[in-house]
Amino acid sequence: MDIHGLDRLPKVEIHLHLEGSVEPSDLQALARRNHLPDELWSLNAFEEKYRYADFAGFLGSFKFITEHLITPADYGWIATQLIDRLHHMQVLYAEIFVSAGVVLKQKKDLDAVVDAITTASREREEQTGIRVNWILDVTRQFGVEFAERVAEAAVRYRESGLDNIVGVGMGGDENSFPAHEFKHVFDEARRHGLHVTIHAGEVAGPQSIWEAIEVLGAERIGHGIAARLDERLMNHLKARSLPLECAPTSNLCTGVIQRIEDHPLKMFYEHGLRVTLNTDDPALFHTDLLREYRQAATHFQLTPRDFAQFNRNAIEGCFAGPSEKMEVLRLFEERLRGLENAQEVNGG
Ligand SMILES: [Zn+2]
């Protein structure tokens, strides 16, 4: 299979934010629907809000999007839009973050939002077969109290049988509050069977990744690009088979790397780390999953065989239960074999 076949490659994505996937045109539709102060803005004006110079600016753009999500139905609608796009890109399974901390901070009804998005994802699964699980995300700079409320809600949903809430994550400003302040939050989540992934080593250094693992019990690391600066940490990640949720375009857009070639994706992969490839906030980073694959193929000379391995890494490291994970792996291998057989027949 060559680079042109990447659109047909079955895929899995495990680092993706619901709110960061809202395209400017959808935001304009939300502004009109909810009669917000910017309901008369041109599409161009909304697109302008998706431009920023650094990580702080990016957080501002993310917040701007969340301010347009007024009703639970808005959340359900953007979930459907996103999941349909993923399905179109041959994604078999996705784990999506919803910024539950933002929902609480903006005094929206988290129960109703979670009901809307999980209902939307179940409907899309019935219609198209794509599987989606959700991770409730804590916004680090909101502090520990909001984190506690997010984790408590996740535990409550899990215990009420909402089994597509699979984990609790933490994103936002990594330099705002130290990891130890959140330790009890993530301990409690894990004690109730929820999985944990932490954005670390994105804007901060290797120490932040160590703390995510050793203090917060992270089972996956969001980004983790600072691990490139610490050989002992890379060896530890390898020994623990801890997946890294890499998203090169994201790191370029937020200014934590200067050129795509500076991203350690390939170096991590060659070091034997469990690398996965993701979009993070596709609308805010003007990307999609296929574009990430093509870019990685071009800049890192990665082949479809490497991408198949990234996807196996994502399936092994995903937070689905054992039987769902096996089913996703089976589907993935079946689709991959079908693709390879078709190419042989066509001499591709
Ligand atoms: Zn992220």
Side-chain angles (χ1 to χ4, degrees), residues 16-23 26-39 62-87 94-128 130-172 185 188-189 192-197 281 283-284 319-320:
L16 173 61
H17 297 265
L18 173 65
E19 299 86 342
S21 77
V22 180
E23 295 293 337
D26 289 343
L27 204 62
Q28 186 184 40
L30 286 163
R32 289 176 178 170
R33 184 188 302 175
N34 291 314
H35 302 295
L36 299 180
D38 49 13
E39 67 173 320
F62 190 92
K63 180 165 178 275
F64 180 75
I65 294 176
T66 64
E67 287 164 353
H68 289 71
L69 300 166
I70 307 300
T71 67
D74 293 341
Y75 279 87
W77 181 66
I78 62 167
T80 300
Q81 303 279 101
L82 170 59
I83 295 167
D84 284 350
R85 282 198 295 275
L86 294 174
H87 174 63
E95 271 166 24
I96 308 177
F97 294 109
V98 59
S99 291
V102 174
V103 173
L104 292 172
K105 180 121 177 155
Q106 294 176 343
K107 297 190 166 49
K108 296 170 191 164
D109 181 347
L110 183 61
D111 291 359
V113 166
V114 166
D115 183 55
I117 59 175
T118 54
T119 300
S121 61
R122 249 186 258 106
E123 268 174 22
R124 296 329 289 156
E125 177 171 349
E126 277 165 27
Q127 294 286 320
T128 67
I130 185 173
R131 290 158 187 266
V132 171
N133 283 321
W134 295 91
I135 299 171
L136 297 197
D137 210 32
V138 166
T139 303
R140 193 166 184 146
Q141 67 268 26
F142 293 172
V144 70
E145 190 202 319
F146 279 102
E148 285 168 352
R149 289 175 59 196
V150 169
E152 279 163 17
V155 167
R156 189 158 45 77
Y157 302 139
R158 187 84 190 169
E159 298 204 325
S160 70
L162 207 54
D163 57 5
N164 53 355
I165 303 292
V166 293
V168 180
M170 182 157 71
V185 174
E188 189 66 5
H192 286 89
L194 288 156
H195 294 280
V196 171
T197 175
D281 297 281
L284 279 168
F319 294 160

Partners passing salt bridge (charged side-chain N to carboxylate O under 4.0 Å, His left out) against Asp111 (at least two apart in sequence or in another chain) | Arg156
If you take all heavy atoms of Glu95 and Ile135, which pair is closest and at what distance?
-> OE1-CD1, 3.9 Å
Among residues two or more places apart or on two chains, list those pairs meeting salt bridge (charged side-chain N to carboxylate O under 4.0 Å, His left out) that have a residue in residues 62-83.
-> Arg33-Asp74, Lys63-Glu67
Applying ring pair (Phe, Tyr, Trp, His ring centres under 6.0 Å) to His87 and not counting sequence neighbours gives none
Look only at the side chain of Ser21 and the backbone of Leu18, and say whether a donor-acceptor pair between them is shorter than 3.5 Å.
-> yes
For residues Ala79 and Ile117, report the shortest heavy-atom separation together with the two atoms involved.
-> CB-CG2, 4.1 Å
Sub-4.5 Å side-chain heavy-atom contact between Arg158 and Leu162 = no
Can you name the side-chain hydrogen bond (donor to acceptor under 3.5 Å, both in side chains) partners of Thr66, sequence neighbours left out?
-> Gln106
Should Leu136 and Val114 count as side-chain neighbours, where that means a heavy-atom distance under 4.5 Å?
-> yes
For Ala29, check side chain to side chain contact (heavy atoms under 4.5 Å, CB included) against everything at least two apart and list the hits.
-> Trp77
Would you call the rings of Phe97 and His17 parallel, tilted or perpendicular, where under 30° means parallel and over 60° means perpendicular?
-> parallel
State which residues pass side-chain hydrogen bond (donor to acceptor under 3.5 Å, both in side chains) with Gln81; sequence neighbours excluded, sorted by chain then number.
-> Asp26
Non-hydrogen atoms of Ala147 and Val185 that approach each other most closely | O-CG1, 3.6 Å
Considering all heavy atoms of both residues, which atom of Ala120 and which atom of Gly76 are nearest to each other, and what is their separation?
-> CB-O, 3.6 Å
Pairs touching residues 103-122 that satisfy ring pair (Phe, Tyr, Trp, His ring centres under 6.0 Å), sequence neighbours left out = none
Non-neighbouring partners of Asp109 that pass salt bridge (charged side-chain N to carboxylate O under 4.0 Å, His left out), sequence neighbours left out = none
For Asp163, the side-chain hydrogen bond (donor to acceptor under 3.5 Å, both in side chains) test, sequence neighbours excluded, returns none
Under 3.5 Å side-chain donor-acceptor pair for Trp134 and Ser121 | yes
For Phe142, all residues meeting ring pair (Phe, Tyr, Trp, His ring centres under 6.0 Å), sequence neighbours excluded = Phe146
With sequence neighbours excluded, tell me which residues meet salt bridge (charged side-chain N to carboxylate O under 4.0 Å, His left out) with Glu188.
-> Arg191
Shortest non-hydrogen contact between Asp137 and Gly169, atoms and distance | OD1-C, 2.9 Å
Please report the shortest heavy-atom distance between Val155 and Ala189, naming the atom on each side.
-> CG2-CA, 4.4 Å
Quick one: are Val102 and Leu69 in side-chain contact, heavy atoms under 4.5 Å?
-> no
Taken in chain and number order and not counting sequence neighbours, the residues that satisfy salt bridge (charged side-chain N to carboxylate O under 4.0 Å, His left out) with Arg131 are Glu324
Close side-chain approach of Val168 to Val138, heavy-atom, < 4.5 Å | yes
Side chain to side chain, Arg122 and Asn164, heavy atoms closer than 4.5 Å = yes
side-chain contact (heavy atoms from CB on, under 4.5 Å) with Leu82: of Leu16, Val22, Val132, only one passes, and it is Leu16
